[in-house]
Trainee: 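Shown below is the structure under consideration.
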Amino acid sequence: MTAPRPAVLGHGHDHDHDHDHDHDHDHDHDHDHDHDHHHEHPTGLRGWLHEVFVPHSHDAADSIDDELVASGQGIRAVKVSLVVLGLTALAQLAIVAVSGSVALLADTVHNLSDALTAVPLWIAFVLGRRAATRRYTHGYGRAEDLAGLFIVAMIALSAVVAGVESVRRLADPQPVENVGWVVAAGVVGFAGNEAVAVYRIRVGRRIGSAALVADGVHARTDGFTSLAVVLGALGVLVGVPLADPAVGLLITVAILVLLWGTARDVGRRLLDGVDPALTDRARRALDAVDGLDGVDDVRLRWAGHRLTVQARVLVPPETSVAVADRTSARADDALRHVLPSVGRVDVVVAPSP
């Protein structure tokens with residue numbers, strides 16, 4: 001029996017991982033990951049508020065394993081949301097045509113331009129499908145995270161615009177005309193944007209895309225802006241003209257809260273941060289693999305919506321290369337079974353000291 005060289009025996013198995021090893025390999029894409037969340041979420045009213053204002057990307061949530069399926073779902077989410085927001089904008093334009101309100105026209109154009117920020121994310125999903133090259137040896141998954149950074153910037157801009165406009169109206173109140181039409185347009189804008197937000201966030205969590213979740217949050221901020229228009233107009237109807245700018249300031253604070261949570265999630269992805277529960281889960285899975293003396297190192301990082309795993313495991317010094325190779329394959333399977341959205345796995349096998 002000869003000791004194996006410390007080498008990458010897993011050869012960076014991709015998500016198809018069709019190795020020719022002598023082990024049972026009945027792993028399919030519909031298996032259930034052991035996704036027990038290791039972080040508590042509040043319940044009741046507080047839990048609902050947490051869900052609305054801090055809809056983080058759930059690193060440990062159930063995710064799609066197949067790369068093309070996940071990217072396809074992301075692209076479909078962007079397409080569907082663009083259609084819904086386009087129809088919302090058309091409905092608002094119809095109200096503008098009937099009411100003749102220039103202010104409503106400006107708000108409609110603003111919502112339509114914000115909807116187009118999904119285009120960079122669409123491009124990022126398409127790029128993420130491209131194979132790695134000699135220059136981009138890890139592929140193009142990072143394009144998705146960069147798109148998320150752009151979306152965070154747009155949310156920040158929305159907060160600035162909402163805040164400045166609210167302060168301006170507070171200092172120089174303007175009469176609100178066509179109140180009924182304003183309320184109608186605001187309701188339409190809020191409903192369309194919130195529907196898109198819920199859909200994007202749900203799909204983003206399912207495929208493990210922080211950028212798509214961020215885009216959902218961006219739609220939610222636009223919905224909040226439309227909601228502010230509705231509440232302000234209702235305040236004018238009941239004889240409280242300052243309700244319009246006051247609600248605008250409250251909405252600005254809500255957008256800032258959303259901005260904080262979204263910037264945190266996207267920033268962690270760019271800094272290769274992962275949920276510590278995922279790292280612990282990977283270590284526990286490797287500890288349970290037969291033939292290992294220990295786990296020396298485990299590293300995880302997200303590239304877009306795919307999770308890359310690197311692990312260094314130890315085997316007895318007398319282990320043969322063939323046995324070590326089979327052990328590496330079992331370690332690969334164990335990691336894929338308990339982790340979401342796994343792409344590349346590199347398992348380095350080394351002899352115990």
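Excluded from the calculations below are hydrogen atoms, water molecules and symmetry mates; all remaining heavy atoms, backbone and side chain alike, are included.
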Trainee: Can you confirm whether Leu212 sits close enough to Ile207 that some side-chain heavy atom of one is under 4.5 Å from a side-chain heavy atom of the other?
Mentor: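 They are in contact (side-chain heavy atoms under 4.5 Å apart), so the answer is yes.
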Trainee: Quick one, Val313 and Val348 - any side-chain contact, counting heavy atoms below 4.5 Å?
Mentor: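 No. Closest side-chain heavy atoms not under 4.5 Å.
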Trainee: What is the distance from atom CD1 of Ile201 to atom CG of Asp215, rounded to the nearest 0.5 Å?
Mentor: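 It comes to 10.0 Å.
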Trainee: Give the minimum heavy-atom separation between Gly216 and Ala197, together with the two atoms involved.
Mentor: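 Smallest heavy-atom distance, with atoms named: O-CB, 3.2 Å.
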Trainee: Would Asp332 and Arg336 pass as an ion pair if we require N to O under 4.0 Å?
Mentor: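 A salt bridge links Asp332 with Arg336.
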Trainee: Does the side chain of Leu292 come within less than 4.5 Å of Leu314's, by heavy atoms?
Mentor: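 Of all side-chain heavy-atom pairs linking Leu292 with Leu314, none is under 4.5 Å.
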Trainee: When clusters are formed from ILVMFWY side-chain contacts under 4.5 Å, directly or step by step, what else is grouped with Val119?
Mentor: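 Taking Ile, Leu, Val, Met, Phe, Trp and Tyr as members, Val119 shares its hydrophobic cluster with Ile123, Leu127, Tyr136, Tyr140.
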Trainee: Does the side chain of Arg269 come within less than 4.5 Å of Val266's, by heavy atoms?
Mentor: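 They are not in side-chain contact.
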Trainee: Show, in sequence, the C-alpha distance, side-chain angles and deciding distance for Val309 and Val347, and conclude whether the side-chain contact (heavy atoms from CB on, under 4.5 Å) test is met.
Mentor: CA-CA 8 Å; Val309 187; Val347 179; over 6 Å; no
Trainee: Below 4.0 angstrom, N of the basic side chain to O of the carboxylate: do Arg312 and Asp297 qualify?
Mentor: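 A salt bridge is absent here (no side-chain N lies under 4.0 Å from a carboxylate O).
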Trainee: Check the hydrophobic clustering (I, L, V, M, F, W, Y; side-chain heavy atoms under 4.5 Å; chains of links allowed) and say if Ile75 and Leu121 are grouped together.
Mentor: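 Looking at the clustering, Leu121 is in the same group as Ile75.
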Trainee: Report yes or no: do Val152 and Leu256 belong to one cluster of Ile/Leu/Val/Met/Phe/Trp/Tyr joined by side chain heavy-atom distances under 4.5 Å?
Mentor: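 Cluster IDs for Val152 and Leu256 match.
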Trainee: Does the side chain of Ser71 pick up a donor-acceptor pair with the side chain of His305 at under 3.5 Å?
Mentor: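 Yes, side-chain donor-acceptor contact under 3.5 Å.
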Trainee: Under a 4.5 Å side-chain heavy-atom rule over Ile, Leu, Val, Met, Phe, Trp and Tyr, are Val203 and Trp122 clustered together?
Mentor: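 Result: yes, single cluster for both.
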Trainee: Go through the structure and list residues passing side-chain hydrogen bond (donor to acceptor under 3.5 Å, both in side chains) with Thr279, not counting sequence neighbours.
Mentor: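 In terms of side-chain hydrogen bond (donor to acceptor under 3.5 Å, both in side chains), with neighbours along the sequence ignored, Thr279 is linked to no residue.
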Trainee: Hydrophobic clustering (ILVMFWY, side-chain heavy atoms < 4.5 Å, transitive) - are Phe150 and Val217 grouped together?
Mentor: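 Each belongs to a different hydrophobic cluster.
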Trainee: Would you find more than 12 non-hydrogen atoms of other residues, nucleotides or ligands less than 6.0 Å from Arg299 atom CZ?
Mentor: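 12 or below, so no.
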Trainee: Within the structure provided, determine whether Thr308 and Val345 are in side-chain contact (heavy-atom separation under 4.5 Å).
Mentor: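 Contact flag for Thr308/Val345 side chains = no.
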Trainee: According to a hydrophobic-cluster definition based on side-chain heavy atoms being under 4.5 Å apart (Ile, Leu, Val, Met, Phe, Trp, Tyr only), do Val315 and Val295 belong together?
Mentor: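 Yes, it is one cluster - the side chains of Val315 and Val295 are joined through contacts under 4.5 Å.
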Trainee: Taking Thr327 for the side chain and Val323 for the main chain, is one N or O donor matched with an acceptor at less than 3.5 Å?
Mentor: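 Checking the backbone N and O of Val323 against the side chain of Thr327, a donor-acceptor pair under 3.5 Å is found.
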Trainee: Run Thr225 and Ile255 through side-chain contact (heavy atoms from CB on, under 4.5 Å) and show every step you take.
Mentor: CA-CA 9 Å; Thr225 303; Ile255 294 175; 4.1 Å; yes
Trainee: Quick one: which of Asp293, Thr319, Asp296 gives a side-chain hydrogen bond (donor to acceptor under 3.5 Å, both in side chains) with Ser352?
Mentor: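 That would be Asp293; it is the only one of Asp293, Thr319, Asp296 passing the side-chain hydrogen bond (donor to acceptor under 3.5 Å, both in side chains) with Ser352.
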Trainee: Tell me if a side-chain donor or acceptor on Asp145 pairs with a main-chain N or O of Gly304 at a distance below 3.5 Å.
Mentor: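 Side chain of Asp145 to backbone of Gly304, a donor-acceptor pair under 3.5 Å: yes, one is there.
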Trainee: Applying side chain to side chain contact (heavy atoms under 4.5 Å, CB included), name anything that partners Val198, two or more places apart in sequence or on another chain.
Mentor: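 Result, side chain to side chain contact (heavy atoms under 4.5 Å, CB included) vs Val198: Glu194, Arg202, Arg220.
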Trainee: Measure the CG-CG distance between Asp275 and Asp280 for me, rounded to the nearest 0.5 Å.
Mentor: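 One finds 8.5 Å between CG of Asp275 and CG of Asp280.
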Trainee: What are the two closest heavy atoms between Thr88 and Gly189, and how far apart are they?
Mentor: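 Looking at all heavy atoms of both residues, the closest pair is CG2-CA, 3.9 Å.
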Trainee: Do Arg200 and Ser81 meet the criterion of a side-chain donor-acceptor pair at a distance under 3.5 Å?
Mentor: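 Judged by distance alone, the side chains do pair up.
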